[in-house]
Amino acid sequence: MSVSIVLFTSDLRVHDHPPLRAALRASSEVVPLFVRDTGIASAGYAAPNREAFLADCLGDLDTALRACGGRLVVRSGDVADAVAGVAAETGADAVHMAGGVSAYAQRREERLRNVLEGQGRRLVVHDSVVTAVAPGAVTPASSDHFAVFTPYFRHWSEQRLRDVLAAPRAIRVPDGVATEGTPSRARVSGTSPGLAAGGERAGRKQLTAWLRRGVAGYEDGHDDLPGDATSRLSPHLHFGTLSPVELVHRARGAGGPGADAFVRQLAWRDFHHQVLAARPAAAAHDYRTRHDRWRSERAAARDIEAWREGRTGYPVIDAAMRQLSHEGWMHNRGRLLTASFLTKTLYVDWRVGARHFLDLLVDGDIANNQLNWQWMAGTGTDSRPNRVLNPVTQAKRYDPDGAYVRRWVPELAGLAGAAVHEPWKQPGPERAKYAYPDPIVELAEGLERFRRARGLD
DNA sequence: GCTTATTTACT
DNA sequence: GTAAATAAG
C-alpha cells in the first residue's frame, strides 16, 4: 500500500500525462494535487484572464478525475510547503510532476526537491509534458541550447516522440485528504468580455475540430487577420489542457502542408522553451544586448498609454490592441505588428510591451511571450536587429479589405476597403466624421529615431 | 581528435 | 550580422 502525489502545474489534463501514469503505476493510491501558488501573485504574474481560464481548467480536471473514481485536491500557499504538507498527511513516498523552464519553475522544483528529500521522499520530474521535445534533449555541439531556429527544427524533427498515453481508467485517492475545492470562474473580476472557455474537454473538442476543418488551410491562412484561421489552441497549450506530444502526433497524422506548418509552430514553442531553460534570465533581460537606451517610461508615457488602449492612430495596431483587451488573445500577426510598433516605431523597451501582454493574454507564457518580444525587439535569438514592420504595408497585405480593422475599430466602420488603413488620407471634411485620432508618430520619424539609437545606417 | 577558418542560411 | 555546419588545419 503506497501513496504517490501528482502535482499538476502547466499540465491540467488526464490524457497523455506521464506524471499521472507513473504515479498510478507506482502506487495503489494517488493524490492528484493542484496548489494555488501565492508566489505567482507576488511575482506579479497573476492576471484575471488566466485566473478565469484556470478556474475552468481545474473544474474540468476535477470532473475528469471523478469520472474514474478520483478527485482533484486543491490547496493554496507556497508550493513546497503545501506539497510537503499533503505528503506528510498521506505518507506519500513520491511526488511526480512535469519539468518547467522558467526561473520560477526551476526554483520551485529545487525547493520542492529539498523539502521532500528532507522528509525522505522522492521528487520525480517528467519530460515531454509541457513541451514535445524536452529542453536540452537536442543541443548543438558548442552550446547547451540552440540559438537559431532552423538548425534546431531539423534536430527537433528527427527526434522520436514518445507514444501518446491513454487517460487513466481508475484512480484511488486516499480517504480524508482535505481540499479547498475548485475555484469558480464567476468569482474572477476584471476579465475580458470575449474570453475563451478553458478545460481539457473544451480543448480536445477544439483540437478535433481544428484537425478536421482548420489545419488544412493553415499554411495559406495563418497570417490572414480577418480570416482568423489559426488554431487558437495557445491557451490550452499554456495550461497543458492539451499535450504538445499528442498535438504533434495528431497533426502529423492529419498530414499535408497545413499540418507541417502547424507542427513547425509547435517547434517554435519548444525552441523558446529550450532557450529559456538554458537562459532563465532572458525572461527579464536582453538575451543579446543591442545597448539600447530605450525611451524612459515617463517620457513615453502618453505613447505607451495610446498603444495599450488602441488609439495610436494606426488602425491595424489599434484593432489588434483592442482585440487583446476584448478577448484576452491576439492574432499572431497582430502580435508581431504591435510589438514592432512599440519597440521600433515608439522605441519603448520590450519589457513594457511584454508586461502588458502578460497582464491580458490568456495564453500569456513566460517562454513564448518574453522571447517572442525579444525576437521582435531584436535583442533575442534573431540575428536581424533592424527588422521593422510597417503597419500600413502589413495591414494592406494581411487585411487587404480592411475587415479586421472595421471589426475592432468601429469608429472607422464607414470607411470601405483598404482605405480604412490610412484614414489620415481622407479629405478634411470626410475625416472629421470619424472620431479617430491622428497618428501619434510619423513612421519615418520613429524609424529614424530607432536607427540612430541602434547605430544603424 | 580537437581547434580554427570558411561557408551557408536565416519567419 | 550571426549561428551552425562544414572544411581545413
Side-chain angles (χ1 to χ4, degrees), chain A residues 133 135-159 215 217-225 227 229-231 234 237 248 251 257-279 282 286-292 316 320 330-345 350 353-354 357 363 365 367-391 393-399 447 450-457:
Chain A
V133 171
V138 290
T139 53
S142 55
S143 172
D144 57 350
H145 69 287
F146 280 94
V148 174
F149 176 73
T150 308
Y152 174 75
F153 183 55
R154 200 165 53 246
H155 286 87
W156 184 92
S157 302
E158 286 163 3
Q159 286 291 298
V215 76
Y218 184 70
E219 195 190 24
D220 289 337
H222 72 279
D223 268 333
D224 176 28
L225 283 164
T230 65
S231 75
S234 53
L237 282 161
V248 174
D260 288 348
F262 180 63
V263 168
R264 191 180 168 87
Q265 292 307 308
L266 294 171
W268 266 102
R269 185 175 171 277
D270 281 12
F271 174 73
H272 288 137
H273 279 73
Q274 59 96 44
V275 173
L276 192 64
R279 298 285 181 276
D286 289 348
Y287 176 84
R288 206 156 45 80
T289 183
R290 302 289 179 182
H291 304 290
D292 285 295
V316 76
M330 195 197 287
H331 192 288
N332 180 249
R333 178 53 49 178
R335 300 189 196 202
L336 296 173
L337 296 181
T338 55
S340 169
F341 190 81
L342 186 75
T343 58
K344 307 290 176 66
T345 307
W350 62 267
F357 272 30
D363 60 34
D365 182 277
N368 294 317
N369 188 64
Q370 309 307 90
L371 294 176
N372 272 317
W373 267 94
Q374 291 220 48
W375 186 87
M376 197 65 247
T379 63
T381 53
D382 181 43
S383 56
R384 284 149 68 171
N386 54 349
R387 177 193 284 109
V388 181
L389 303 178
N390 182 313
T393 314
Q394 293 263 319
K396 289 175 178 168
R397 187 177 305 154
Y398 299 116
D399 183 26
L447 188 61
F450 167 70
R451 297 180 68 84
R452 203 168 44 235
R454 281 267 168 103
L456 303 160
D457 37 30

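Below, chain A is the first sequence line, B the second, and so on; all start at residue 1.
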Distance flag, aromatic centroids of A:His331 and A:Tyr398, threshold under 6.0 Å: no

In whole Å, I'd like the distance from the CZ atom of A:Arg454 to the C1' atom of C:dG1. 13 Å

To the nearest angstrom, how far is A:Asp220 atom CG from B:dT11 atom P? 19 Å

Is there aromatic stacking of A:Trp268 on B:dT11 here, judged by a ring-centre distance under 5.5 Å and a plane angle under 30°? yes

A:Arg279 with A:Asp144: basic N within carboxylate O range, under 4.0 Å: yes

Below 4.0 angstrom from OP1 or OP2 of B:dT11, is there any side-chain N or O of A:Arg333? no

A:Arg335 vs A:Asp363, test: salt bridge (Lys or Arg N to Asp or Glu O under 4.0 Å). Steps then yes/no. CA-CA 13 Å; A:Arg335 300 189 196 202; A:Asp363 60 34; 2.8 Å; yes

Give me the distances for all protein-to-nucleotides 7-9 of chain C N/O pairs that come in under 3.5 Å?
none

Below 30° counts as parallel, above 60° as perpendicular, anything between as tilted: where do the rings of A:Trp268 and A:Phe149 land? parallel

Just the rounded figure in Å: distance from P of B:dT11 to NE2 of A:His272. 11 Å

With the threshold set at under 4.0 Å for non-hydrogen atoms, list the residues of residues 149-157 of chain A touching DNA chain C in residue-number order. A:Pro151, A:Arg154, A:His155

Could you tell me the separation between the CG atom of A:Asn386 and the C1' atom of C:dT2, rounded to a whole number of Å? 13 Å

Smallest heavy-atom separation, A:Ala354 atom then A:Asn369 atom, equals O-ND2, 3.1 Å

Whole angstrom value for the distance that separates P of C:dG1 from OH of A:Tyr287: 19 Å

Closest non-hydrogen contact found for A:Trp350 with A:Trp373 is O-CE3, 3.7 Å

May I have the distance from A:Glu158 (atom CD) to C:dA5 (atom P), rounded to whole angstrom? 10 Å

Proximal nucleotide (of C:dA4, B:dT11, C:dT2) relative to the A:Asp382 side chain: B:dT11

In whole Å, what is the span from the CD atom of A:Gln374 to the C1' atom of C:dT2? 16 Å

Full working for salt bridge (Lys or Arg N to Asp or Glu O under 4.0 Å) between A:Arg269 and A:Asp365: CA-CA 10 Å; A:Arg269 185 175 171 277; A:Asp365 182 277; 5.2 Å; no

Is the shortest distance from a Lys or Arg side-chain nitrogen in A:Arg288 or A:Asp382 to a carboxylate oxygen in the other one below 4.0 Å? no

Side chains of A:Asn368 and A:His273: does their closest heavy-atom pair fall under 4.5 Å? yes

Atom pair distance, as rounded to whole Å: CZ in A:Arg387 and P in B:dC10: 13 Å

Using a cut-off of less than 4.0 Å, is there contact between a side-chain N or O of A:Arg384 and OP1 or OP2 of B:dC10? no

